[in-house]
Amino acid sequence: MFRNVGWSFLKNKSTILQNHNHIAKNFYSISTENHSHGGFQLQSHFISLIHACKTTQQLKQVHSQILLHNLSQNSWVITQFISTSSSFKSINYSISIFQHFLHPNSFVFNAIIRALSDNTQFQNSISHLVLMLRLNLKPDRQTFPFVLKSAGALFAGGLAGALHAQIAILGVEFDSFVRVSLVDMYVKLEMLDLTLRVFHETPERNKLGSILLWNVLINGCSRAGDLGQASELFEAMPERNTASWNSLINGFMRIRDLERAMELFFRMPEKNVVSWTTMLAGFSQNGDPERALAMFHRMLEEGVRPNDHTVVSALSACTRVGALEAGVWIHNYVSSNGFRLNREIGTALVDMYAKCGKIESASRVFCETKEKNLLTWSVMIWCWAIHGCSEQALQCFERMKSTGIKPDEVVVLAILTACSHSGLVDQGLIFFNSMRFDHLIEPTVKHYTCLVDLFGWAGRLEEALSFIESMPIKPDFVIWGALFCACRAHKNIKMAELASEKIQQLEPRHIGSYIFLSNIYAAVGRWEDVERVRLTMKNRGVEKDPGWSYIEVEGQVHSFVAGDRGHKRSEDIYLKLEELVLGAREQGYMPDTGWVLHNIEEEEKEDALGSHSEKLALAFGLISTPPGMAIRIVKNLRVCGDCHSMMKYASKMSNREIILRDIKRFHHFKDGACTCMDYW
DNA sequence: ATAGGGTTAG
């Protein structure tokens with residue numbers, strides 16, 4: 001009878017309460033909590049049984065015994081049960097046990113609130129605090145740390161004050177655990193002034209043992225980018241541990257001060273896996289994936305075992321530079337060192353393979369990854385999209401929806417991108433409208449840009465323009481840039497000039513606007529206008545984006561900038577390049593000087609077009625890999641049109657596949673053609 | 001007689 005009484009919390013809370021009161025009146029006397037000596041022994045016996053369980057399977061066997069021995073209403077046993085199944089990530093099992101418990105006391109509530117918080121059901125954990133208060137049960141010092149963690153994780157700023165007040169009312173404000181959690185919640189909510197206020201109100205703050213409080217605070221200052229204050233606190237604190245150092249290092253990494261971060265890292269007395277991971281992730285995020293990977297190998301040499309975070313960060317570094325071999329090495333390392341292919345690692349591997357040009361391997365790992373969330377699906381769909389595989393992207397999207405996952409604005413953006421790369425105008429419009437009206441997602445400027453690409457690719461320029469003009473939000477320079485690219489591809493100079501004007505109004509110092517304008521003049525051979533733009537740009541001192549290309553050869557990543565002569569095989573590279581140009585000319589290649597503005601400074605020093613970073617990487621790839629082997633190049637900007645054309649010739653002449661990733665998409669060159677169909 | 005807080009990632 002007891003077992004059949006379930007609580008469905010989320011559906012109707014007032015029914016729950018009526019249920020509870022009814023049950024309380026009628027069945028309280030049959031409570032099986034047993035205070036006799038024999039009952040205590042039985043209870044202890046089951047608690048040790050629960051603690052001995054290693055899997056949910058075993059736990060379920062103990063559960064059936066608990067039911068047989070009439071202990072399913074014993075709060076001591078049930079508390080242990082909830083915590084243990086939660087630690088096995090079987091949160092639904094924890095919830096079910098809780099729901100079959102008729103008169104939960106504060107211990108049982110604390111257990112479920114903690115379990116929900118530990119299993120990222122933050123909203124639900126707060127709902128249980130509310131329920132607890134409704135049942136007139138007093139939350140205590142054991143309740144709040146988890147509730148506060150949930151509020152921080154939910155970024156629920158509106159809750160902060162109410163929880164703080166409740167804590168004060170219940171008189172647990174100065175419990176050290178509650179205190180740390182309170183400070184940490186304000187940190188997560190990015191309320192630095194309140195964080196500091198709570199810290200300064202803490203009487204114990206200068207005593208030994210308050211290290212956590214200081215660490216949380218240093219982390220808060222680091223997140224807020226106030227490294228001056230973080231450093232001061234670090235110096236002033238009564239004692240330090242590895243986490244203190246780690247938090248400060250992370251802060252310097254966040255403000256891109258690699259030197260200070262490194263200095264601290266080398267100076268710290270003891271490094272743990274977090275220290276190494278923080279450095280690795282910091283290098284990777286600050287555009288130095290090579291040093292990031294070096295960190296990974298160094299930590300292995302030092303015998304530090306990486307954890308999931310480390311692996312994800314290392315894979316992300318590979319992804320940035322297209323280091324396929326390094327990525328495969330990490331994949332092997334993970335498989336043979338007892339790492340589980342969980343959601344985080346699975347997603348990172350999918351991203352790595354796809355962005356290194358191995359879309360089939362990405363798809364395989366995606367299938368092997370059993371735990372998928374919205375992010376996992378988004379990454380896969382996004383990858384199909386940038387590879388121009390719109391059919392797979394659309395299929396994947398439908399499969400995602402059929403598993404019950406609701407699309408968000410990011411995944412819709414991926415789908416629209418897929419449509420625009422394949423000219424699926426009508427299909428794209430259907431998704432766009434479905435996003436707004438079925439899923440009630442408000443489109444962002446990025447979605448509108450995608451639609452402009454969509455019309456543009458299909459050559460429907462008038463529709464693209466009227467679409468921009470009818471947008472409910474103000475068009476930015478990126479969207480005009482999209483229109484501009486469409487005009488260039490379809491040689492509509494009048495509309496291109498309009499777009500270019502808009503771009504220059506919105507972003508007068510942005511190099512893109514000059515490049516755009518120069519490109520369009522070059523496309524129709526108005527060379528004096530090209531020169532005029534170049535001079536304007538020079539006079540205004542517009543800085544160029546440094547363009548670089550990466551290529552991995554034998555597990556080693558080589559990077560090139562335009563006009564680069566720093567590589568040790570530089571001479572051979574330029575010889576090969578000359579040979580390529582000559583060969584291509586015989587086949588009809590003409591240097592497309594409309595693209596020189598990409599590297600205006602080098603133009604003065606070098607033969608600008610001829611030494612773009614992607615061409616150097618290509619030449620190096622050709623001379624340093626065996627014939628027939630595919631060449632993979634990663635470029636940080638959009639590939640230049642002249643290089644794009646050269647790649648086509650090169651793929652034909654060398655009889656090789658060239659896989660080039662630029663900032664926007666993948667280009668697969670084969671037999672003189674590219675999968676992007678010359679529109680990107 | 002039940003029990004707990006911070007640092008790294010996509």
Side-chain angles (χ1 to χ4, degrees), chain A residues 33 35 39-41 43-44 46-47 50-51 74-84 86 105-115 117-118 140-149 152 172 175-185 187-188 209-220 222-223 240-251 253-254 271-282 284-285 292 295 299 306-317 319-320 342-352 355 373-376 378-379 382 410:
Chain A
E33 273 179 28
H35 296 266
F40 175 67
Q41 275 198 338
Q43 173 190 299
S44 312
F46 274 103
I47 288 174
I50 291 168
H51 289 164
N74 179 303
S75 83
W76 283 261
V77 171
I78 291 308
T79 301
Q80 300 309 311
F81 212 98
I82 292 171
S83 307
T84 308
S86 152
N105 56 20
S106 58
F107 292 110
V108 180
F109 261 107
N110 288 349
I112 192 69
I113 287 172
R114 179 188 175 191
S117 168
D118 283 350
D140 55 27
R141 59 186 59 187
Q142 311 283 354
T143 321
F144 285 108
F146 306 108
V147 175
L148 293 168
K149 185 184 167 190
V172 289
D175 176 83
S176 72
F177 284 81
V178 174
R179 209 87 200 135
V180 168
S181 305
L182 202 50
V183 174
D184 186 52
M185 175 188 70
V187 165
K188 299 279 159 63
S210 63
I211 202 165
L212 280 169
L213 194 64
W214 289 81
N215 286 354
V216 170
L217 192 61
I218 288 172
N219 180 38
S222 290
R223 281 169 177 246
R240 286 180 274 272
N241 61 12
T242 306
S244 324
W245 289 83
N246 290 348
S247 293
L248 194 62
I249 290 176
N250 181 237
M253 279 299 191
R254 277 170 184 261
K271 307 172 191 22
N272 62 12
V273 61
V274 178
S275 324
W276 287 93
T277 307
T278 304
M279 292 300 288
L280 196 168
S284 172
Q285 284 156 17
M295 272 285 159
M299 77 182 278
N307 62 20
D308 288 6
H309 293 290
T310 324
V311 169
V312 169
S313 301
L315 284 170
S316 152
T319 307
R320 283 164 201 267
N342 60 18
R343 202 170 55 207
E344 287 76 16
I345 293 183
T347 307
L349 279 170
V350 169
D351 200 33
M352 184 278 292
K355 301 246 174 84
N373 65 2
L374 179 60
L375 182 74
T376 320
S378 302
V379 165
W382 193 258
V410 179

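Quick note: numbers below take in every heavy atom, side chains included, and nothing from hydrogens, waters or symmetry partners. Letters A, B, ... mirror the listed sequences (proteins, then strands); counts begin at 1.
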Discussion item. Applying a 4.0 Å non-hydrogen cut-off, can you work out what Asp308(A) is touching in the nucleic acid: base, sugar-phosphate, or nothing?
Written reply: nothing

Distance-only check: which donor-acceptor pairs under 3.5 Å involve side-chain atoms of residues 344-352 of chain A, not counting sequence neighbours?
residue   : atom : partner   : partner atom : Å
Thr347(A) : OG1  : Arg343(A) : O            : 2.6
Thr347(A) : OG1  : Thr376(A) : OG1          : 3.2
Asp351(A) : OD1  : Lys355(A) : NZ           : 2.8

Discussion item. Just the rounded figure in Å: distance from P of dT2(B) to CD1 of Ile78(A).
Written reply: 17 Å

Discussion item. Considering every strand and a 4.0 Å limit on heavy-atom distances, what is the contact class for Arg343(A): base, sugar-phosphate, or nothing?
Written reply: nothing

Worksheet item: In whole Å, what is the span from the CG atom of Asn219(A) to the P atom of dG5(B)?
Response: 16 Å

Item to complete: Identify whether any heavy atom of Asn241(A) sits under 4.0 Å from a base atom; if not, whether one sits that close to sugar-phosphate; answer base, sugar-phosphate or nothing.
Response: base

Discussion item. Can a donor-acceptor pair be found, under 3.5 Å and without considering hydrogens, that links the side chain of Asn219(A) to the backbone of Ser222(A)?
Written reply: no

Worksheet item: Contact class for Ser176(A) vs. all strands (heavy atom < 4.0 Å): base, sugar-phosphate, or nothing?
Response: base

Practice prompt. Measure the distance from CG on Asn105(A) to P on dA3(B) and round it to the nearest whole Å.
Written response: 13 Å

Practice prompt. Return the value, rounded to whole Å, for the distance between atom CD of Gln80(A) and atom P of dG4(B).
Written response: 9 Å

Practice prompt. Please list, chain by chain and in numerical order, all residues satisfying ring pair (Phe, Tyr, Trp, His ring centres under 6.0 Å) with Trp382(A), sequence neighbours excluded.
Written response: none

Worksheet item: According to a strict under-4.0 Å criterion, is Ser316(A) in side-chain N/O contact with OP1 or OP2 of dA9(B)?
Response: no

Worksheet, complete the sentence: Between CG of Leu280(A) and C1' of dT7(B) the distance, given in whole Å, is 16 Å

Item to complete: Measure from CZ on Arg254(A) to C1' on dA9(B) and round the result to the nearest Å.
Response: 11 Å

Discussion item. We want to know whether Asn246(A) and Thr278(A) form a side-chain donor-acceptor pair, criterion being a heavy-atom distance below 3.5 angstrom.
Written reply: no

Discussion item. Just to be sure I understand the rule, does Asn110(A) reach a base, reach only the sugar-phosphate, or reach nothing, if contact means heavy atoms closer than 4.0 Å?
Written reply: base

Practice prompt. Looking at every strand, decide which applies to Ala281(A) at a 4.0 Å heavy-atom threshold: base, sugar-phosphate, or nothing.
Written response: sugar-phosphate

